[in-house]
Amino acid sequence: MVGSPAHPVDLAALIAATMLPFASFLAILVVTRGRPRLSAWLSIGSVTITLACSIALLALHSGLTTPIGFSADLIGSSGLNIPFGFLLDRLNLLMIVVVSTICFLVQVYSLGYMAGDPGFSRYYAFMSLFTWAMMSLAVSANLLQLYFFWELVGLSSYLLIGFWYEKFSATQAGKKAFVMTRAGDAAFFIGILLLFIHTGDLGIVNLDSRAALAGVPPSFITLSALLIFGGIVGKSAQFPLLTWLPDAMEGPTPVSALLHSATMVAAGVYLFARLFPFFSMSAVAMSVFLAIGTISMLLASTMAMVSRDIKKVWAFSTISQLGFMIMALGAGSYFAGVFHLTTHAGFKALLFLCSGVFIHRFETNDVYELSRLGAKRMLIPMVTMVLGAAALSGLPPLSGYFSKEAVMGSLAGLPNPVWLGAGLAGVFLTAYYSFRLIFILLFPRETAVTIPVGTPSPPPQAAGIPAGAPGAWAMAVPLIVLATITVVLGFFETPLKNFIGAGMLAGGSVGGEALSWTPLAALALALAGVGLAWVEFGRKGARQIGFVDRIPILHRLFAERWYIDRFYGLLVNLVIDRGISRLCYLNDRKVIDGGIDGLCEGAVESGRVMAVLQTGMVQYRLLAIFAVLALLALYFYY
Amino acid sequence: MIAPFRDILLLAATLFALGAFCAVVRRNLIMIVLGIEIMLNAAAIVFVGASLHLNNLDGQTFVLFILAVAATEVSVGLAIIVYAFRRTGSFDPRHFNLLR
Amino acid sequence: MQMEPASFPFLSAILLSCVVGMMAIILIPEERQLLIKQVSGVFSGISLLLSLYVFFAFNRSLGGVQFVEHLNWIPSLGISYFNGVDGFSVPNILLTGIVFFTGVLTMWELKTRVKEYFALYFLLVAGVYGLFMSMDLFFIFVWYDVSLFPMYLLIAVWGTTRKEYGAMKLTLYLLAGSALILPAIIFLWAKSGLNTFSFVLLMHPGLFTPSVQKFAFLLLFLGFGILAGVWPLHTWSPDGHVAAPHGVSMVHAGVLMKIGAFGVLRVAIMLCPLGWIYWAKLMAVLAVIGIIYGALVGLRQTDLKYVIGYSSVSHMGVVGLGLSTVTVEGLNGAVFQMFAHGIMTALLFSSVGYIYDRTHTKMIPELGGLSRVVPVASAFFIVAALAGIGLPGLANFWGELVVFLAAFKVYPLFGVIAVVTLVVSALFMLRVVQKAFYGPANPRYAGLQDVTLWLGTPRIILAAVLLILGLYPSLLFNVIRTASVPFMNGLPR
Amino acid sequence: MNWMIAGPEIFYFAASLWFLLLTFTAQPKPAQNGGRRREYLTAIFLASLGILVCLASVHAQGWLFTRGFSVDFFSQVFKTLLSLGLFLIVCICGQINDIEDRRHNEFYFLLFTCTLALMLLVSADHLLSIYVSLELSSYSLYILVALRKKRGQGLEAGIKYFLIGSFASAVMLFGMALLYSSAGTAYLPEMAKVLPGMMASPAVVTGLLFTLGGFFFKLAVFPFHFWAPDTYQGASNQVAAYIATASKVAGIAIILRVVASAGQGSTYLVHVLVILSVVSMTLGNLAAMVQKDMKRLLAFSTVAHSGYVLIGILVLDAAGYSATIFYALALLAMKFTAFMVVVELTPDGRNLQIEELAGLHRRSPLMALALLVALFSLAGIPPTIGFTGKFLIFTAAIQKGYVALVIIAMVNVVISLYYYLLVIKAAYLLEPAEALPPLVVSFPKKLLAGLSIAVIVVAGFFPWWLIQIAQAAAQPLMLGR
């Protein structure tokens, strides 16, 4: 069934890696809610074990050829043979290592960041819940099991975004995130059901093998691929459902670093990679994925250019980088997507953690405020921030360059040049907005820079977090580790390619033959972007107003997130809330209730009439009796 | 048979209708009781006619009993009506409408 | 349908525990309120333990009808006191036991007219137990009405908003339901010619002509459907929920609506399969409307209990959809969803009850900021709300999954609508949680103390059951399967 | 001809004679309480003795007066029911203050004569004996109704009752004449052989219809129900209770006997009965919904119940008759309990308004429970005798295929539950304006209430022993035909 059966050691490691965080979640919630310190160490302890296990598994099975599987029959209902179990192959191993490292680093970082917060133990409980859900999602063998943990990841993101539930905007953002991802999940769920009805078995290995799906009509494969892609759009905040990610910045910064940059949003791309052979069976679907990836990449980068909130900039950039990954995978290059996923997880987490340090120190999200308050004097976060931004824009020595180049290579392979052009434009914009931020931070301006009205000023962060010194090391160490990763990872491209590429099942072209000039063009555009940013923000005399800000209409368009938010607001409030449900409610109250209550009133009224009839004079009654008897006698003749 | 039984039935039916009409129309309690008496007699006539027609004496005995029972009925009825008259001073059924 | 007589009459023991409990309560003088509560706690505990035993002692491999007790009652009409449980009724008996015990504990702080309350409460649950375990049509109807008339007094005397209207409306609706069921049952009895009400004999395939089955199924479906909250006839349940005191609305929403669905399953579907196949389309349409309608109207509500009422209508729509798919998975999913929804609604009402007792208001705008003041109590509500949305890891997910799967096989369009409702129900449930529980700490309720362990036990039990079933659903599916698979195989195509 | 088979009649004749003598003895001027107690105790003693006599002669068989008066298990069961009804009514006549003390002897005399008449009616097998016994019972009831102290109401009710009663008896007599003329004989058993064949001729059919009219008066079925509301409201509570229970049971008995013998063949008769039953059910229930006076509400519910009884009768077979007999027993128990509560609540004999029931659950929980059980049984909620009665009638009806009729009946049950619940709501929910004193209920009354609740609930749960009696009682009806 699923490759060679796992022998006990692997199984034990896997169970420890996934189940331990869940145990710590329950333990914290039930037992150690009172003692924050203990619950923090409990959660970090379970994460370290998870990290150790995943690294051990990676080391043990680096040479792995066939996927290892284990399955138990959990839901034994008759018609459904949905076995629950684990699946290990090269992609999983890489994914669980990435996830556990980032989780470990963020949890250590949160020791400092969240120190003194009243809900400290609750925070760690939700963190271990997320770790459990994400790890199990990564190793699940069955599409339904994946969906099971997929929704649990959505739940933990809801809980963590709305962590400071006193703030109305936080709970609002949490609700918005949950409902939007839920919309995506609904499509995913329908896709799974269709798949299950037609193929009868949801095992991922089974779905990927071309033989198993021979009998299934191609039009159906496209439909179910598109539906499953709906789930990816929801979770990775792609084009139609992207507005929840910037609002999700309401949550604490480590949460944004962990969930909304490295791991959770990457789950969508992971699913794409997971089902890559299945998706690649239908060319139509792949082109649709490519298109959506491109649109969301361009859209998000334009929004990033105008945003003043440091976290929102990185949120928009995450959406655009995810767009890049999906473009790469849509273009048919499996390795480029996965490699970019790994590197992006590294430097994006780094960027978020650095901005976390700034916010923690100066308690404001506004970039101009931060620079005026002297963000650049904090050495470690500033240097690592610059390093991260460079990696993001794809400057040579860093990992971003290599993965961006691999993506560009895959785009170049496509017959239609449009995708390549969009990709290059994206590279340019990425470089521009990331270094726009860096230069604003590096060159503070005393005068308050007037920005055309309309940009929503970011709400002040919960002021309850004192910038304590003891937490400093806890925040610094993860930054340094991540910085080294971003620098070093680039050079591992070839071994990773062999590891990922070779392990790939049949099918899937590994990066088209790279056109000679694309990497150079990409580098040139990146430098141009940096140059433009320097001209507008870095130079002594620059008035730190982006070229976009000069055109108010364009500025408002990007600031309003292309009015998508407004559209959703309209849809929910007017159409559903005030429109349909009011009609249904009225129908309930007036039509059904009215009708039946009216019937009862009618009965009571007729009762009153009957009662009055009784009180007539005696002789009328005699007459009535006689009349009825006569009628009955006459009735005989009919 | 002096007269065919059908004619007797016809006579009794008309008499019965007359009695009923009288009971329903007149606005005086005593006249109502009188109307009902007429209806009883109509029934008695049918009985007599039937017993003659069937040549068996049951009908006759029945009539004797009817007369006796009608007498008791009238006595009880008039007792109540006179009692009512002494209380309310009127025979008009329209006055007795207190119960709602 | 082989039958296996019970060594010890457990089922009658459960019934007896309720009736004896009621008698005991009646004998205790009115002033000894604590003693009354303790006695009722003990007796409801006994019935819970017995139903737990029945659930676990039910022989999964053997299946069929077990724990059978048979006693001739009115031989001339073929009526017999015939109790037995099969795969469909065992989960419901356990559900009744749990909701009964937790319902008693939830009303621990009742002050007014305690004796009458608990006496009527026991009578209500005795009726519910009776219906789930009886295999004789006459007794199914008798227990149905026995559980009906204490409901009126319980709501009318101890109720909250608009209690007279709610109580009267509820009773007349349910009695109108029984006005349809009784003729149908007697019609079946007359048409069978066997002069017996015993369900097992009447289930003999080919006994009724198709036209009889169609007519009887329609009557029974509408009769029991009123109680199950089928779409056009559902308006009594939100009003009833809101008007009833919490303990009663726990039993009401948690179990009484299941009687309706169970009645449709047991009497309508198993006795008139051809009628079922004929009317399945209508059932599906009404169920889907119910699902989407309940969620949409729930959006508009400002009263916590109304929200829960309409969410129950939506969830019962899922059960109806499951039943209407005429497939094994549909039945499995429907019965599982009945159980899961019962527990979830009981938890919802129990936590609303706790909050209402403290804040004396159910209106969502007036609440708000409770999570900071009473974290544990609001945590229970949030867990139940998440279960309501059908989140994996909690019991409802499996019910809805299996039902939607079955629905997709038979009516793909309805399946899509039902899955889309998941999003709408997520929206309105989270909106309630946000408005009522999150937000800045509310000064008005600053003084509330959080739920103590003793008061928390009913909610802990319910939440634990939701979690256990969420993680290991085949615990329940194996039991249901023993009844659904043989029934569906025996179905005349 | 041994006279012992008419044992009960002879006993009740002697008892009424005894009370007649008592009325002649000069009453000591100040009728102090002792005097009233004495009559009450003698009445109770004689009534209980009467029950024993009836029970003793339950298995008597045979006939008297040249077959005009036949005694079989059917008539004996009804006699026991009647004696039981009389005993229960006499029990609640503890303190009748709305009838002057010097009238009490006449009151008991008339009660016993009426019971005697009803017993004669039950075992009457000849048109003549039916007519005579029916008239005798009606006349005693007219006077009982008019006896009430409050001149206005009692008198008016009496007049109305008399007028409609005599009109109905005139109609019945005319019907009997027509039947006699066409059947050639007045004995019911012979008529049973002759009539089914002649169902086509109009004379027979109108005759039968008119005859049944007289009995419908007794049962308060649709065209002849006009007297019921006013009489119940006008008469004193005890007399209304007697009319509701005893005379209704006798009415059911005589209709069963006549229909069983005369009505086998004709579908026309079934149609008429269906129309009458549906109209009286609906009219009774609808009118009762808006009533304010408790007794008037009970009157309309009696009209509705006569509709249900008619369903049992129109089935025209053994199952239907036994169901109707069971329903008669159920009616006796339910109506008596309801009236017992009304009597208990109004010691001074005034008409009880529904609002005055407020706070009953606090004033006396037992009476509130009795009212609850009685009303739920009247409505037909399962664990009660009323439900079993309705259930038996519906099974008999559906077996003959009248499914639509049963559905209409069930809809009427729903309507009836509405106004019964209004009464229960008043008893359990409403609080009186000013706190009324707790009701002191003497021990025998408590025992009586407890007993009646037990009968209603027990017969609801284990009705089998009662159903057997009803089925045995229905056999003689079928034998002769």
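Within every chain, numbering begins at 1; the chains are lettered A, B, ... in the order of the sequence lines, protein sequences first and strands thereafter.
Neither the backbone nor the side chain of C:Leu180 comes within less than 4.5 Å of any heavy atom of chain D. Heavy atoms of C:Ile185 lying under 4.5 Å from chain D are absent altogether. Only the side chain of C:Leu182 comes within contact range of chain D, judged by heavy atoms closer than 4.5 Å. Heavy atoms closer than 4.5 Å to chain D are found in the side chain of C:Phe197, but not in its backbone. Contacts of C:Leu175 with chain D are made by both backbone and side-chain atoms, with heavy-atom separations under 4.5 Å. Residue contact with chain C, scored on non-hydrogen atoms closer than 4.5 Å, involves the backbone and the side chain of D:Val413 alike. Proximity to chain C (any heavy atom under 4.5 Å) is restricted, for D:Ile467, to the side chain, taken from C-beta onward.
The candidate from D:Pro463, D:Pro365, D:Gly380 with the greatest count of non-hydrogen atom pairs under 4.5 Å with chain C is D:Pro463. Most heavy-atom pairs under 4.5 Å with chain D, from the set C:Ala190, C:Ala179, C:Ala184: that is C:Ala179.
Atom-to-atom distance recorded for C:Leu148:CG and D:Leu417:CG is 7.5 Å, nearest 0.5 angstrom. Between the CG atom in D:Leu372 and the CZ atom in C:Phe149 there is a gap of 6.0 Å [rounded to 0.5 Å]. Annotation: the span from D:Leu392 atom CG to C:Ile74 atom CD1 amounts to 6.5 Å, rounded to 0.5 Å.
Taking the six-membered ring for Trp and the full ring otherwise, C:Phe138 and D:Phe391 have centroids separated by under 6.0 Å.
Annotation for D:Pro382 and C:Phe141: closest pair CG-O, 4.2 Å, computed over non-hydrogen atoms.
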Inter-chain donor/acceptor N,O pairs below 3.5 Å: chain D to chain C:
from, atom 1, to, atom 2, distance (Å)
D:His361, NE2, C:Arg113, NH1, 3.4
D:Tyr428, O, C:Arg113, NH1, 3.2
D:Tyr428, O, C:Arg113, NH2, 3.4
D:Phe461, O, C:Trp73, NE1, 2.6

